[in-house]
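Okay, so here's the structure we're looking at.
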Number of protein chains: 2
Amino acid sequence: MTDKDSKLYNIDRTASAGYMTNWAARLFAREMDRRLKPLGLSTGHLPMFFALGNGGALSQKALTEFAAIEQPTMAATLSRMERDGLIHREPDPDDGRSMLISLTPLALEKFPAVREAIDMLNEKALGALGEDERNAFLASLAKIVAALADE
Amino acid sequence: MTDKDSKLYNIDRTASAGYMTNWAARLFAREMDRRLKPLGLSTGHLPMFFALGNGGALSQKALTEFAAIEQPTMAATLSRMERDGLIHREPDPDDGRSMLISLTPLALEKFPAVREAIDMLNEKALGALGEDERNAFLASLAKIVAALADE
DNA sequence: GGAATTAACATAGTGTGCTATATAACGCAT
DNA sequence: ATGCGTTATATAGCACACTATGTTAATTCC
């Protein structure tokens with residue numbers, strides 16, 4: 001392989017938004033899982049806390065759209081959460097196909113600790129960013145999500 | 001639950017850098033996997049293309065540090081890549097514990113298509129961001145990675 | 001030089017994501 | 001009212017991330 005070819009087969013990964021976003025997300029998830037583990041929780045549970053933390057109930061379908069994951073992923077996560085006593089599933093009286101999901105008291109009482117873990121980790125991650133930079137970062141993420149979510 | 005409690009148990013996930021980063025990363029990975037699948041590749045292979053695309057060889061240990069994943073994750077990914085004929089493993093003559101890993105010709109010939117997939121997807125994701133905003137986004141990500149990577 | 005520690009890699013088990021496909025209830029249209 | 005397409009959920013199988021632990025080679029320390 002010549003030098004020219006070698007240069008051709010070279011990419012600076014730090015210039016790839018996708019690579020860097022994945023990297024940051026892995027670090028976020030790794031650290032968040034470590035902080036949630038003592039609570040008996042993990043990162044996959046977070047969308048349910050966001051969506052059902054007010055004590056309400058939603059169908060699996062609605063949760064799937066809210067979390068923006070595929071349906072079988074949601075079904076598996078809910079099965080584990082039910083196994084661990086974190087959610088309650090009951091048949092929707094208006095639709096025989098649908099299940100209504102709500103957080104159990106056990107899960108609801110963990111909510112303040114979950115929020116603290118989220119806030120502490122975000123603070124650790126964003127410590128080197130100023131107020132304006134944080135807002136710009138979140139705004140960019142929102143644009144990226146919007147651009148990739150259309151289908 | 002009173003209204004006050006309800007408000008207490010509420011978080012705006014779009015204001016959480018960790019949540020939004022995870023969301024964007026899932027969308028990136030989902031779309032990248034769809035584009036890499038016809039090539040017989042997937043997102044987990046990308047660090048090896050970045051690190052070994054010049055035709056060189058590195059130990060599993062060095063690859064693990066480069067990719068910033070845990071050692072068993074790297075071992076499993078390399079096993080799949082070896083199974084699929086994408087990498088070659090040979091014993092390090094200088095260290096009986098170590099294996100030297102390199103991309104096979106089959107993998108190297110896919111390199112241009114990999115780079116195109118990366119570039120196209122980044123362009124799709126960042127389409128709504130201006131030049132300055134893209135640079136700021138990448139700079140913020142680098143700071144976040146640095147803040148979370150220290151251990 | 002031999003014992004103990006360290007380092008590199010492998011294996012086991014689990015969680016969370018994906019695709020593909022099956023099952024059962026709903027709803028519309030004839 | 002029935003038959004058929006659509007919708008909600010479940011299941012199977014895989015990739016890739018993690019932790020915990022085992023194995024073997026190298027290194028360090030008397």
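Within every chain, numbering begins at 1; the chains are lettered A, B, ... in the order of the sequence lines, protein sequences first and strands thereafter.
Residues from residues 71-78 of chain B with heavy atoms under 4.0 angstrom of DNA chain D, sorted by number: B/P72, B/T73. Contacts with DNA chain C (heavy atom under 4.0 Å) in residues 15-26 of chain B: B/R26, listed by number.
What separates CD of B/E70 from P of D/dT19 is a distance of 5 Å, to the nearest Å. Rounded to whole Å, atom C1' of D/dC18 lies 13 Å from atom CZ of A/R80. As a whole-Å value, the separation of B/H45 NE2 from D/dA15 P is 8 Å. Going from atom NZ of A/K37 over to atom P of D/dT19 covers 8 Å, rounded to whole Å. The NZ atom of A/K61 sits 14 Å away from the P atom of D/dT6 (whole-angstrom rounding). Protein atom CZ of A/R30 is 10 Å distant from nucleotide atom P of D/dA17, rounded to whole Å. Between the CG atom of B/L36 and the C1' atom of D/dC16 there is a distance of 14 Å, given to the nearest Å.
Side-chain rings of A/F50 and B/Y19 approach one another, their centers coming within less than 6.0 Å.
Close approach of DNA chain C to chain A, defined as any atom under 4.0 Å from a non-hydrogen atom of the protein, starts and stops at C/dG15 to C/dC26.
Rounded to the nearest 0.5 angstrom, A/M120 CE and A/E31 CD are separated by 10.5 Å. Separating the CD atom in B/E123 from the CZ atom in B/R134 is a distance of 4.5 Å, to the nearest 0.5 Å.
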Identify every side-chain donor-acceptor pair in residues 137-144 of chain B under 3.5 Å, counting partners at least two apart or on other chains, and give the distances.
{"from": "B/S140", "atom 1": "OG", "to": "A/E133", "atom 2": "OE2", "distance (Å)": "3.3"}
{"from": "B/S140", "atom 1": "OG", "to": "B/A136", "atom 2": "O", "distance (Å)": "3.0"}
{"from": "B/K143", "atom 1": "NZ", "to": "A/E133", "atom 2": "OE1", "distance (Å)": "3.1"}
{"from": "B/K143", "atom 1": "NZ", "to": "A/E133", "atom 2": "OE2", "distance (Å)": "3.0"}

Side-chain atoms of residues 79-87 of chain B: list all donor-acceptor pairs with protein atoms under 3.5 Å, sequence neighbours left out, distances to 0.1 Å.
{"from": "B/S79", "atom 1": "OG", "to": "B/A75", "atom 2": "O", "distance (Å)": "3.1"}
{"from": "B/R80", "atom 1": "NH2", "to": "B/T77", "atom 2": "OG1", "distance (Å)": "3.2"}
{"from": "B/E82", "atom 1": "OE1", "to": "B/R89", "atom 2": "NH1", "distance (Å)": "2.9"}

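Between A/S79 and B/I69, the residue anchored closer to the 5' end of DNA chain D is A/S79, taking for each the nucleotide with the nearest heavy atom.
Applying the salt bridge (charged side-chain N to carboxylate O under 4.0 Å, His left out) rule to A/R26 yields no partners; only residues at least two apart in sequence or on another chain are considered. For A/F28, the ring-ring contact (aromatic ring centres under 6.0 Å, His included) test picks out no residue, with sequence neighbours left out. With sequence neighbours excluded, the residues that form a side-chain contact (heavy atoms from CB on, under 4.5 Å) with B/D119 are B/R115. Partners of B/D92 according to the salt bridge (charged side-chain N to carboxylate O under 4.0 Å, His left out) rule, which considers only residues two or more places apart in sequence or in another chain, do not exist here.
Pairs engaging residues 37-52 of chain A under the salt bridge (charged side-chain N to carboxylate O under 4.0 Å, His left out) rule: none recorded [sequence neighbours left out]. Under the salt bridge (charged side-chain N to carboxylate O under 4.0 Å, His left out) criterion, the residue pairs touching residues 41-64 of chain A are A/K61-A/E65, with sequence neighbours excluded.
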Detail all sub-3.5 Å separations between protein N/O atoms and N/O atoms belonging to nucleotides 25-29 of chain D.
{"from": "D/dA25", "atom 1": "O3'", "to": "B/G96", "atom 2": "N", "distance (Å)": "3.4"}
{"from": "D/dA26", "atom 1": "OP1", "to": "B/G96", "atom 2": "N", "distance (Å)": "2.8"}

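If you check the side chains of A/S16 and B/N122, you find a donor sitting under 3.5 Å from an acceptor.
In terms of modelled atom types and a separation under 3.5 Å, the side chain of B/K124 and the main chain of A/A147 share no donor-acceptor contact.
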